[in-house]
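Encoded as structure tokens, the structure appears first; notes follow it.
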Amino acid sequence: SVLGTAIMTTSSLVKNLVRSSSPEAAKRRVIGLYRAWYRSIPQIIQIYRLDKTVDECRAKLKERFQQSANVKDPRAIDLLAVKGMMELDETLNVFKQTTHVMRYFEDATGPQPKTAFLEKFLYGPK
């Protein structure tokens, strides 16, 4: 079963909570996290019955990791890696609902406010 193979133990996560000794170690940890998410995407799509393709999900994964690419402090990188592992653990263990997973695909800027009729009339089209 998909769920049986997706269950991860939290003890395996706790073992990985040690601090990175160097920026290179932190980088290796992030690459390992990226690979874990990358490999889990087909399972996540199947578990949550997402209307997304594997390629769409992997593109979003890449985008999310690139958002934090400018972080250089190893402690901050470790913190982000731990949070990422927790997210993966919660996702694979179905601690989330489909709507929670779909929020990753929303526009990062948020919904655009709709212009009221009167504003269009007074100020013209934008």
Side-chain angles (χ1 to χ4, degrees):
S1 125
V2 173
L3 292 177
T5 59
I7 304 255
M8 295 176 59
T9 61
T10 49
S11 63
S12 67
L13 288 174
V14 172
K15 290 177 189 175
N16 294 328
L17 293 181
V18 293
R19 288 187 184 169
S20 299
S21 57
S22 66
E24 293 79 25
K27 183 178 179 180
R28 282 193 304 271
R29 178 175 291 183
V30 170
I31 290 171
L33 175 63
Y34 183 83
R35 287 179 179 162
W37 271 102
Y38 193 88
R39 291 180 186 136
S40 299
I41 285 177
Q43 288 176 310
I44 293 168
I45 291 172
Q46 188 174 9
I47 291 168
Y48 292 96
R49 297 183 185 119
L50 301 179
D51 276 348
K52 302 288 181 183
T53 66
V54 172
D55 291 336
E56 288 174 318
C57 293
R58 288 182 173 161
K60 180 54 80 169
L61 174 67
K62 182 177 180 181
E63 177 186 317
R64 298 284 296 211
F65 269 77
Q66 286 177 339
Q67 288 175 352
S68 301
N70 60 349
V71 177
K72 302 297 180 203
D73 182 16
R75 293 176 297 170
I77 293 171
D78 286 341
L79 178 66
L80 290 171
V82 168
K83 285 183 176 183
M85 280 303 292
M86 289 169 46
E87 281 289 320
L88 179 60
D89 184 42
E90 292 170 2
T91 303
L92 290 176
N93 287 321
V94 196
F95 295 162
K96 298 180 177 203
Q97 294 179 2
T98 304
T99 55
H100 300 136
V101 177
M102 289 304 292
R103 285 186 191 146
Y104 291 119
F105 295 96
E106 290 178 357
D107 186 15
T109 60
Q112 301 300 322
K114 298 193 184 231
T115 308
F117 170 77
L118 200 50
E119 287 178 1
K120 285 183 185 177
F121 178 76
L122 293 174
Y123 303 113
K126 293 183 180 181

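Expressed to the nearest 0.5 Å, how far NZ of Lys72 lies from NZ of Lys27 amounts to 9.0 Å. To the nearest 0.5 Å, atoms CD (Gln43) and OG1 (Thr91) are separated by 11.5 Å.
Listed by chain and number, the residues in a ring-ring contact (aromatic ring centres under 6.0 Å, His included) with Tyr48 amount to none (sequence neighbours excluded).
The cluster map of Ile, Leu, Val, Met, Phe, Trp and Tyr, joined by side-chain heavy atoms under 4.5 Å apart, puts Ile41 and Ile31 in different clusters. Hydrophobic clustering (ILVMFWY, side-chain heavy atoms < 4.5 Å, transitive): Val30 and Leu79 are in distinct clusters. Cluster membership for Leu33 and Phe95, using ILVMFWY side-chain heavy atoms within less than 4.5 angstrom, is not shared. Val54 is connected to Tyr38 through a chain of hydrophobic side-chain contacts under 4.5 Å among Ile, Leu, Val, Met, Phe, Trp and Tyr, so both are in one cluster.
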Donor-acceptor pairs under 3.5 angstrom involving side-chain atoms of residues 81-88: please list them, not counting sequence neighbours.
| from | atom 1 | to | atom 2 | distance (Å) |
| --- | --- | --- | --- | --- |
| Glu87 | OE1 | Lys96 | NZ | 2.3 |
| Glu87 | OE1 | Tyr104 | OH | 2.3 |

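Ion pairing between Glu63 and Lys60 holds under the 4.0 Å rule for side-chain N and carboxylate O.
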Inset, instruction - Go through the steps for Cys57 and Ile44 under the test side chain to side chain contact (heavy atoms under 4.5 Å, CB included), then give the verdict. - result: CA-CA 10 Å; Cys57 293; Ile44 293 168; over 6 Å; no
Legend entry - Trace of the side chain to side chain contact (heavy atoms under 4.5 Å, CB included) decision for Lys62 with Tyr34: CA-CA 8 Å; Lys62 182 177 180 181; Tyr34 183 83; 3.8 Å; yes
Inset, instruction - May I have the step-by-step check of side chain to side chain contact (heavy atoms under 4.5 Å, CB included) for Arg103 and Glu106, ending in yes or no? - result: CA-CA 5 Å; Arg103 285 186 191 146; Glu106 290 178 357; 3.8 Å; yes
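A pairwise comparison of heavy atoms in Arg29 and Asp78 identifies NH1-OD1, 3.7 Å as the closest pair. For the residue pair Asp51 and Glu56, the shortest heavy atom distance occurs at O-OE1, 4.2 Å. Nearest heavy atom pair, residue Pro23 against residue Pro74, reads CG-CG, 4.2 Å.
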